[in-house]
Number of protein chains: 2
Amino acid sequence: MPAAEPPGLRRRNTWQRGTILRAIGAASCHLTAEEIHRRVRRRERPIGLATVYRSLETFVREGVVEPAYLGDGRVRYALAVNHHEHLVCLGCGGWESLDACLVPQPPGRTDSGFHVTGHRLTLYGYCARCQRAQA
Amino acid sequence: MPAAEPPGLRRRNTWQRGTILRAIGAASCHLTAEEIHRRVRRRERPIGLATVYRSLETFVREGVVEPAYLGDGRVRYALAVNHHEHLVCLGCGGWESLDACLVPQPPGRTDSGFHVTGHRLTLYGYCARCQRAQA
DNA sequence: CTCGCTGCAAACTTTTTGCAGTCAG
DNA sequence: CTGACTGCAAAAAGTTTGCAGCGAG
């Protein structure tokens, strides 16, 4: 499920990547790159923001981490293991998490030969507060 | 379905918005803001990029246009009527469209009172080309 | 040893915002 | 008439990249 290994690269395990991955895993929801950066900076040895971005890119490619685009112009990340969907409000831009996964179908292969390893579902509409405001 | 009317604003129809909406509708796939801008610029009277962005924001709020975040750092737009899903390759970053909509469940209301009016599903994995490259 | 990874800072891209003038209703 | 919409240009925000040094394997 974690997708096949990248072409010819040999991955190295550094303490930075471990720290970043642990920070994402410790969070209860999706984090932005900056939030992750801020959390791993608290440690004795700081980690560069660029490193966070580069590590995230690697993790996403490996299928370990899942990105989420909630419409506020920044990407959020969470462990693929903690997969969940989001409800985004078109009124205020806010969002809530949805525990259930509404796309139960297992990864497979499409007609075009595309190998599906995961998915990302975002539901959008209006939150309770915005519905009231429109009344 | 096109969501309720915004709070206290009265919308105005300008030739710019009509042109932008027509450009999106004429496209066979999702367009980036810049692509839309380039297309509406061909006309005799050019439209400002900021206007394109502001109009898109309005259209999305109204539920007329649907955004798509395919992971390349820019947002793409298409008419909600032309709804379709995407397959994004984690290997090369490319993407293909999927005609079928895999989330047939109708809009409804969640426990938290959130009113769902639409959704956005992105499947990810590896395209045929990248699978071959990894072999 | 080798070569992928890191940090820093500069560069880039995309999107947003301020403001004054315009025009739809 | 009113105030929402527009254009321009400047600014912001988020992400990427170049490069030299470091260190995992």
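Remember, predicted model here, so these are calculated numbers, not experimental data.
As rounded to whole Å, 14 Å separates atom P of D:dG14 from atom CD1 of A:I36. Atom CG in A:L49 sits about 9 Å away from atom P in D:dT15, given to the nearest Å. Atoms CG (B:D72) and C1' (D:dT16) sit 14 Å apart, rounded to a whole Å. Atom C1' of nucleotide C:dT2 and atom CZ of A:R11 are separated by 19 Å, given to the nearest angstrom. Separating the CZ atom of A:R45 from the P atom of C:dC8 is a distance of 11 Å, rounded to the nearest angstrom. One atom, OH of B:Y69, and another, P of D:dG14, lie 14 Å apart when rounded to the nearest Å. For the pair B:R74 CZ and D:dG14 C1', the computed distance is 14 Å after rounding to whole Å. Atom-to-atom, CZ of A:R54 to P of C:dC8 comes out at 11 Å; the value is rounded to the nearest Å.
Listed nucleotides D:dG7, C:dT14, C:dT15 differ in distance to B:V75; the shortest reach to its side chain belongs to C:dT15. Closest to the side chain of A:A50, out of C:dC8, D:dC8, D:dG14, is C:dC8.
Distances shorter than 4.0 Å separate some side-chain N or O of A:T51 from OP1 or OP2 on C:dG7. Phosphate proximity of C:dC5 to A:R12: absent, as no side-chain N or O sits under 4.0 Å from OP1 or OP2. For D:dT16, the OP1/OP2 oxygens have no side-chain nitrogen or oxygen of A:Y53 closer than 4.0 Å. Checking the phosphate oxygens (OP1, OP2) of C:dC5, a side-chain nitrogen or oxygen of A:R17 falls inside 4.0 Å. Not one side-chain nitrogen or oxygen of B:Q16 sits closer than 4.0 Å to the OP1 or OP2 atom of C:dC23. Contact annotation: B:T14 does not reach the phosphate of C:dC23 (side-chain N/O to OP1 or OP2, under 4.0 Å).
Residue whose closest nucleotide on DNA chain C sits further toward the 5' end, between B:T32 and A:V52: A:V52.
Within 6.0 Å of the CZ atom in A:R109, the count of heavy atoms belonging to other residues, nucleotides or ligands exceeds 12.
Under the 3.5 Å distance criterion, with hydrogens and angles disregarded, no donor-acceptor pair is assigned to the side chains of A:Q16 and A:S55.
With respect to B:R74 and B:E34, no salt bridge is recorded, no charged nitrogen being found less than 4.0 Å from a carboxylate O. A salt bridge links B:R61 with B:E57: the distance from a Lys NZ or Arg NE/NH1/NH2 to an Asp or Glu carboxylate oxygen falls below 4.0 Å.
Aromatic ring orientation, B:H30 versus B:H84: perpendicular (interplanar angle above 60°, classes split at 30° and 60°).
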